[in-house]
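Structure, as structure tokens:
Small disclaimer: the values here were computed from a predicted structure and weren't measured.
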Amino acid sequence: MNILEGQLPQIEQACFRLYNPQGNATERKQAEILLAKHFPTFSEQSLPTVNNSSPTTNLRPTDTALKCKLLLEVGTSPYTQMFALLSLKNSFSSHWNTFSYDVKIELTDMRRKLNVAVMNVIKNCLSFDFIGTSPDETSEDFGTVQIPSSWKPIVCDVSTIKLFFDGYNQAQAADAALFMEALAILVSTRRSIFNNEDERSKFLAAMLQFTSAILKNEKGFDEQENTYEFCKFLLRIRTVHQFSELIEKREYNEWIELIYNFSTKCFQPAFWHLPSVSHLIHFWSKMVFSVSDSKGKARPASHDRLETLAGQLSIAFIKSRIELVDTSEEDFDEFLEEESDLISTMELLASVSRAKYQETCGFVKTIFNNLASQLNLIIWNQTVGAKFTVLVYIIGAFVSARPPASNSDDNDNLDGEIVCSVLQLMNVNENLVAQHGDACKDAKLDLALIYFFQMFRKSYIGDQSLRSTKVYDILGDTFQLKGLPMILNVLVQKLASNLKFWATNKHIVSRSLSLLSDISSGYSSVKLLRKTETAKIMLVNHTSSYFPFLDEPVNKKSRFQYYAALGRLLLSNDDNLELEFMAFVEPWTVVLNELLNINDLETFRSEKAQNVIEGIFRDLRGFSSSFQSKSNYMMFFNWFLPFTNVLLKGIQANETNSTSIAILKFFSEFVQNRSQRIVFEVSSPGG
């Protein structure tokens, strides 16, 4: 039976009168008397002198604690909750030894829950949007926190920081993350809330000091959530404070060394957690960026030490990912499954590696050569292949980090050397596949190669990267690839090979086509690609007979991208364009003529006809999207106009299935006046 039954409204009203700031002393006195009757352990007059003995009721402290616990569960107002919590606290303080072991455990758990509730309130208060800016709360890199000026005495007090760090050290592992999350918000406090720079400097110094203490005792790092919040906290410190503010602190040198040791430990397979590692790498990339402009100039030793640590950190990361392959195949597969986050992290790592690029590239080449010596030229070694996959991703990220304007020839030489290593690996793998078949195919490696080529295109092939570089010289000396067109030919050969031999692999097909589309979208790169032998062959032999992925149902949506890219490729050369156009559309002309001669709608409803119609109109939609000028569009218009009845019959016969959707999407593209391409003469019958 509820021991508070019938008394709750009266108790809640008394709690309100007790804590109401607008009430008077008489009302509060009456409330105290009433509450002392029901909860003898609470009496503001008797507590200091009577040690919580009740002036009104003969109850044991354990009985009162039970009533307070119940009130905490059923109370509806914040005043009631506050009273119940204070009563429990007083019971804790004055009568701890009188409670049984089971009650102590229960009350301790309630105290833990209280701490969690309080920290959630503090966190929500600190992160509240007081000025209505609505920051992106999903970002870990948003700006300063606009705390009200009235909070200044508390927020700017170093003892407040110490309180949170003490709470983190004393909290159970499952709850410690809340304290670190609150600290990550607190460290982002706006600069203007401090009275002067000296006060803010002391605030930052305290953060570094307490952070170093946690790094030394490694408190809470066995819990992933705690590690994640701590890494986010480190990133927030660097984001909010300038590098010059950090290095001038007496605590900085020890602090950065401890973070380096912590980072290398987090890279180890046993402690790996990608979100935490991403924050750490982001932290280091921001640190390294701050000193990158000072190379070759007089600068403090702390800059050189930071670059040294960054180089060692890059090597430690690479080494840990290679070791992961030997540690656990399951963990390695999981590591690659998080590809988008993984690539983002590796690209940040690439910016860190630029601090000591020669040493890092040297380490990568050493591992590459060691793995190459383990290759069996008769059959593909999957374990060695997995390690190569990691290296190819890393090399791709390194190449992508090439600065567009401020890069040196020395770094281009280093890029050229590691690019050569990847191309040699690709050749070895393709030779094994050609000799021994599917047993030597490696889907993960081919996905990594596509990423590598995408990054190489970004840095060395794109319209903004066509100037001569040392990379081309090294590729020319090693593979006799004289100039960018020959390099592009190797790239498109690989993409064509993927489309042929990975027809059923949706991911490889879509990413290969995405890269082909990117190259064909560049004004300069598409013209260079048009000159390659492989591109010329693809324009002549583009149907499913040569590229079987077109017949696979999983690749339906990829047909649009494929023919849009080929369309841009075809139109990039005006010489003999009309003849080449008619040769390109000849396979479609044959199919459309066959469909045009079918008069029976039932035949159009057959599964075979539906597949043919849906496929050809997906292809035509992609192809027609590449026509931007009037002359080119009219060429397509005049060719397709005789086949419009196929379109009408297809709609009539398949109005309730996906075939009609493919037809309508094509027609929508066909009539879209993209780039003002649809301009007929006044007397045109096509008007």
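- Atoms OH and CG, on Y563 and L513 in that order, are 11.0 Å from each other to the nearest 0.5 Å.
- Under the rule for a side-chain hydrogen bond (donor to acceptor under 3.5 Å, both in side chains), S510 has no partner lying at least two apart in sequence or in another chain.
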Legend entry - Criterion side-chain contact (heavy atoms from CB on, under 4.5 Å) on F453 and L423, from CA distance to verdict: CA-CA 10 Å; F453 280 123; L423 294 181; 3.8 Å; yes
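- Annotation: cation-pi geometry satisfied between K527 and Y523 (NZ/CZ under 6.0 angstrom from ring centroid, within 45° of ring axis).
- A distance of 5.5 Å separates CG in L647 from CD1 in I663, rounded to the nearest 0.5 Å.
- The aromatic rings of Y451 and Y393 sit tilted, their planes meeting at an angle between 30° and 60°.
- A donor-acceptor pair under 3.5 Å is formed between the side chain of S660 and the backbone N or O of N654.
- Between the OG1 atom of T345 and the CG atom of L274 there is a distance of 4.5 Å, given to the nearest 0.5 Å.
- Heavy atoms from other residues, nucleotides or ligands lying under 6.0 Å from NE2 of H273 number more than 12.
- With hydrogens and angles disregarded, a donor-acceptor distance shorter than 3.5 Å links the side chain of N431 to the backbone of N427.
- Rounded to the nearest 0.5 angstrom, K458 NZ and M455 CE are separated by 5.5 Å.
- Taking D410 as the reference, S408, N413 meet the side chain to side chain contact (heavy atoms under 4.5 Å, CB included) condition, with sequence neighbours excluded.
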Inset, instruction - Show your working on side-chain contact (heavy atoms from CB on, under 4.5 Å) between C420 and L475 and close with a plain yes or no. - result: CA-CA 7 Å; C420 285; L475 291 175; 3.7 Å; yes
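- V392 and L425 make their closest contact through CG2-CD2, 3.8 Å (heavy atoms, listed as atom of the first residue, atom of the second, distance).
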Legend entry - Intermediate values then yes/no, side-chain contact (heavy atoms from CB on, under 4.5 Å), L414 and N411: CA-CA 5 Å; L414 293 171; N411 284 347; 4.0 Å; yes
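- The aromatic rings of F317 and F267 sit perpendicular to each other, their planes meeting at more than 60°, with 30° as the lower class boundary.
- Using cut-offs of 30° and 60° for the angle between ring planes, the F627 and F636 rings count as tilted.
- Using a 3.5 Å distance cut-off with no hydrogens or angles, the side chains of R568 and S520 do pair a donor with an acceptor.
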Inset, instruction - I would like to know whether D415 and K470 meet salt bridge (Lys or Arg N to Asp or Glu O under 4.0 Å); could you show each step before the answer? - result: CA-CA 9 Å; D415 279 351; K470 293 292 184 181; over 6 Å; no
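- A cation-pi arrangement is not found for R238 relative to W284, the charged atom failing to lie both closer than 6.0 Å to the ring centre and inside a 45° cone about the ring normal.
- In terms of modelled atom types and a separation under 3.5 Å, the side chain of S624 and the main chain of R621 share a donor-acceptor contact.
- In this structure, a donor-acceptor pair under 3.5 Å is absent between the side chains of Y633 and N673.
- A side-chain donor-acceptor contact under 3.5 Å links N370 to the backbone of T366.
- Panel note: side chain R618, backbone S558; no donor-acceptor pair is recorded below 3.5 Å.
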Name every donor-acceptor pair, under 3.5 Å, that has one atom in a side chain of residues 490-501 and the other anywhere in the protein, sequence neighbours excluded.
unit_1: K494; atom_1: NZ; unit_2: D446; atom_2: OD1; d: 2.7
unit_1: N498; atom_1: ND2; unit_2: S512; atom_2: OG; d: 3.2

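- Applying the 6.0 Å contact sphere to CZ of F667 captures no more than 12 heavy atoms from other residues, nucleotides or ligands.
- Under a 3.5 Å cut-off, the side chain of S525 and the backbone N or O of I519 do form a donor-acceptor pair.
- Under a 3.5 Å cut-off, the side chain of S626 and the backbone N or O of G622 do not form any donor-acceptor pair.
- S400 places a side-chain N or O within donor-acceptor distance of the main-chain N or O of A397, the cut-off being under 3.5 Å.
- Side-chain N or O atoms of S351 include none that pairs as donor or acceptor with a backbone N or O of S285 at under 3.5 Å.
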Inset, instruction - Evaluate salt bridge (Lys or Arg N to Asp or Glu O under 4.0 Å) for D518 paired with R511, printing each intermediate quantity in order. - result: CA-CA 11 Å; D518 289 342; R511 293 182 193 183; over 6 Å; no
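- Here the closest heavy-atom approach between residue V325 and residue T383 is recorded as CG1-O, 3.7 Å.
- Note: Q358 CD to E417 CD = 9.0 Å, rounded to the nearest 0.5 Å.
- Across L371 and V384, no two heavy atoms sit closer than the pair O-CG1, 3.8 Å.
- Centroid-to-centroid, the aromatic rings of F640 and F666 come within less than 6.0 Å.
- Here the CH2 atom belonging to W639 is positioned 9.5 Å from the CD atom belonging to E586, to the nearest 0.5 angstrom.
- Between W588 and F623, the ring centre distance stays below 6.0 Å.
- The shortest non-hydrogen separation linking F560 to S625 is CZ-OG, 3.9 Å.
- A ring-centre distance under 6.0 Å is not found for H542 and Y562.
- Between the side chain of S353 and the main chain of T360, no donor-acceptor pair closer than 3.5 Å is present.
- Under the 4.0 Å criterion applied to side-chain N and carboxylate O atoms, E580 and R530 are assigned as salt-bridge partners.
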Inset, instruction - Take L566 and F584, measure what side-chain contact (heavy atoms from CB on, under 4.5 Å) needs, and give me the verdict at the end. - result: CA-CA 10 Å; L566 291 185; F584 187 91; 4.0 Å; yes
